[in-house]
Amino acid sequence: FHRSSALRSQGRKKLGLGKNDFVLMGAGQVQTRKGVQDFIKVGKELPEFTFVWMGGEPFKALTEQNKELTDLLRDLPKNVLFPGSFSYEDMPAIYNAADVFFFPSYQENAPMAIIEASSCGLPLLLRNIEEYKLLYREGYLSSLDLEGYKEAIKKLHEDKIFYKKWQDEGFKIAHQFSFEMLGDKLINH
C-alpha cells in the first residue's frame with residue numbers, strides 16, 4: 001500500500017469515477033457499528049462530492065438493524081456508491097482512487113483499513129472515539145457529529161495546505177505501524 005498516480009487511475013477506472021471527482025472512501029462490513037448510516041447521510045448532504053463505501057454484507061439478514069440498512073442502500077443518492085467487496089490485491093488501487101478516508105465507525109479495535117488508507121496518502125477523517133485516541137493519539141481529523149464531518153470535508157477540498165497537512169499526518173500513522181517500526185519488536189518478542 002503506497003501512493004501512486006498509476007494506481008489512482010486504475011482504481012478510478014475500476015470504480016467508474018471521474019478524473020476530477022473529490023472522493024471520500026470508507027471501508028468495512030456494511031453494518032451499523034461502522035457508521036454506514038452517517039456515511040450515507042453526509043453524502044446526501046454534500047452532493048458535490050462522491051462517497052464510496054467498500055465492503056460487503058457478510059451477515060445479511062442477521063446484521064443489526066438490517067431492514068434500516070437495506071432501505072438506506074436501496075435509496076442511495078447518485079453520489080453515494082456501495083460497489084461491494086474487492087480482492088485484497090485490488091485494494092491499493094481502490095484506496096488510491098480516493099482523496100480522503102472517511103470512517104465514521106462507532107466502535108473499533110485496530111482496523112487495518114485506517115493503516116492501509118494512510119499508507120496510500122489519504123487524510124483520515126474518523127469518529128472521535130476513545131479507541132483511536134489510545135491507538136493513534138494523533139494524525140487524523142475527527143468529529144462526533146455530521147456537521148463536524150461536513151466542515152472537515154469542505155476544508156479538505158478547498159484548502160490545499162490543510163489537505164497536505166492531514167495527508168502528512170496520515171503518513172505518520174502508516175509509519176508508526178510499518179514493518180520498519182514494528183518488525184524487530186515482532187521478531188524479538
Side-chain angles (χ1 to χ4, degrees), residues 8-60 63-86 90-108 111-114 116-118 120-129 132 140-160 162-163 166-167 170:
R8 182 175 177 83
S9 294
Q10 271 182 339
R12 287 197 168 221
K13 184 177 180 182
K14 194 174 287 274
L15 294 169
L17 301 171
K19 182 179 177 186
N20 296 319
D21 292 348
F22 191 77
V23 178
L24 296 110
M25 182 172 293
Q29 297 173 353
V30 177
Q31 52 183 274
T32 304
R33 79 173 178 87
K34 295 289 187 182
V36 171
Q37 293 97 323
D38 288 344
F39 187 87
I40 294 169
K41 286 176 189 171
V42 172
K44 282 182 178 179
E45 294 182 24
L46 296 175
E48 65 271 33
F49 304 122
T50 302
F51 292 75
V52 180
W53 187 275
M54 307 308 305
E57 302 174 66
F59 306 118
K60 306 284 184 216
T63 301
E64 176 190 5
Q65 294 181 334
N66 183 58
K67 182 177 176 353
E68 178 187 335
L69 282 172
T70 301
D71 290 347
L72 273 174
L73 293 172
R74 196 176 292 131
D75 189 30
L76 292 173
K78 286 190 275 189
N79 68 314
V80 179
L81 311 172
F82 276 71
S85 297
F86 284 81
D90 286 336
M91 288 309 293
I94 300 300
Y95 283 116
N96 269 279
D99 296 292
V100 175
F101 188 68
F102 174 34
F103 195 54
S105 187
Y106 284 90
Q107 181 275 321
E108 289 295 332
M112 288 301 298
I114 290 172
E116 292 165 352
S118 63
C120 291
L122 299 181
L124 305 170
L125 177 55
L126 312 175
R127 186 172 301 278
N128 186 357
I129 58 176
Y132 296 151
Y140 60 93
L141 292 161
S142 67
S143 179
L144 284 171
D145 60 33
L146 302 185
E147 289 306 313
Y149 293 135
K150 291 188 313 190
E151 286 175 31
I153 290 166
K154 288 177 185 175
K155 187 153 186 178
L156 285 164
H157 178 253
E158 295 164 3
D159 186 335
K160 297 207 181 308
F162 184 76
Y163 182 91
W166 289 104
Q167 185 178 44

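Here the structure is a predicted model, which is why all the values come from computation and not from measurement.
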For Phe49 and His157, work out which heavy atoms get closest and say how close. CE2-CG, 3.4 Å
Do Met54 and Pro83 have side-chain heavy atoms sitting under 4.5 Å apart? yes
Heavy atoms of Cys120 and Pro92 approach each other most closely as SG-O, 4.2 Å
Arg12 with Asp99: basic N within carboxylate O range, under 4.0 Å: yes
In this structure, CD1 of Ile129 is separated from CG of Leu144 (nearest 0.5 Å) by 10.0 Å
Between the NZ atom in Lys155 and the CD1 atom in Ile153, the distance rounded to the nearest 0.5 Å is 14.5 Å
Of all heavy-atom pairs linking Val30 and Gly55, the shortest is CG2-O, 3.7 Å
At what distance, to the nearest 0.5 angstrom, does NZ of Lys44 lie from CZ of Phe39? 13.0 Å
Closest approach of Phe101 to Phe103 (non-hydrogen atoms, all atoms of both residues): CE2-CB, 3.4 Å
Is there a donor-acceptor pair closer than 3.5 Å between any side-chain N or O of Ser105 and the backbone N or O of Arg33? yes
Applying side chain to side chain contact (heavy atoms under 4.5 Å, CB included) to Gln31 and Val36, what does each step give before you reach the verdict? CA-CA 6 Å; Gln31 52 183 274; Val36 171; over 6 Å; no
CG of Leu15 to CD of Gln10: how many Å apart, nearest 0.5 Å? 11.5 Å
Parallel, tilted or perpendicular: which one describes the rings of Phe82 and Trp53, with boundaries at 30° and 60°? parallel
Criterion side chain to side chain contact (heavy atoms under 4.5 Å, CB included) on Phe51 and Leu81, from CA distance to verdict: CA-CA 6 Å; Phe51 292 75; Leu81 311 172; over 6 Å; no
Short question: side chain of Asp38, backbone of Gly35 - any donor-acceptor pair under 3.5 Å? no
Looking at side-chain heavy atoms only, is the closest gap between Leu73 and Ile40 below 4.5 Å? yes
Spacing of OG belonging to Ser118 relative to CH2 belonging to Trp166, to within rounding of 0.5 Å: 13.0 Å
Has Gln167 got a side-chain atom pairing as donor or acceptor with Leu122's backbone, closer than 3.5 angstrom? no
What do the steps show when you test Val100 against Tyr163 for side chain to side chain contact (heavy atoms under 4.5 Å, CB included), and what is the final call? CA-CA 9 Å; Val100 175; Tyr163 182 91; 4.1 Å; yes
Checking Val52 against Leu24 for the side chain to side chain contact (heavy atoms under 4.5 Å, CB included) test, could you report, in this order, the C-alpha distance in whole Å, the side-chain angles of both residues, the deciding distance, and whether it holds? CA-CA 6 Å; Val52 180; Leu24 296 110; over 6 Å; no
Approximate separation, where rounding is to 0.5 Å, of Glu151 CD and Leu141 CG: 11.5 Å
Closest contact, heavy atoms only, Gly170 versus Leu124: CA-CD1, 4.4 Å
Answer whether the closest heavy-atom distance between the side chains of Leu156 and Pro123 falls below 4.5 Å. yes
Is a donor on one side and an acceptor on the other found under 3.5 Å between the side chain of Asn79 and the backbone of Gly43? yes
Taking Asp90 for its side chain and Phe86 for its backbone only, find out whether a donor-acceptor pair lies under 3.5 Å. no
Considering only heavy atoms from C-beta outward, does the side chain of Glu45 approach that of Glu147 to under 4.5 Å? yes
Non-hydrogen atoms of Arg8 and Ala97 that approach each other most closely: NH1-O, 3.8 Å
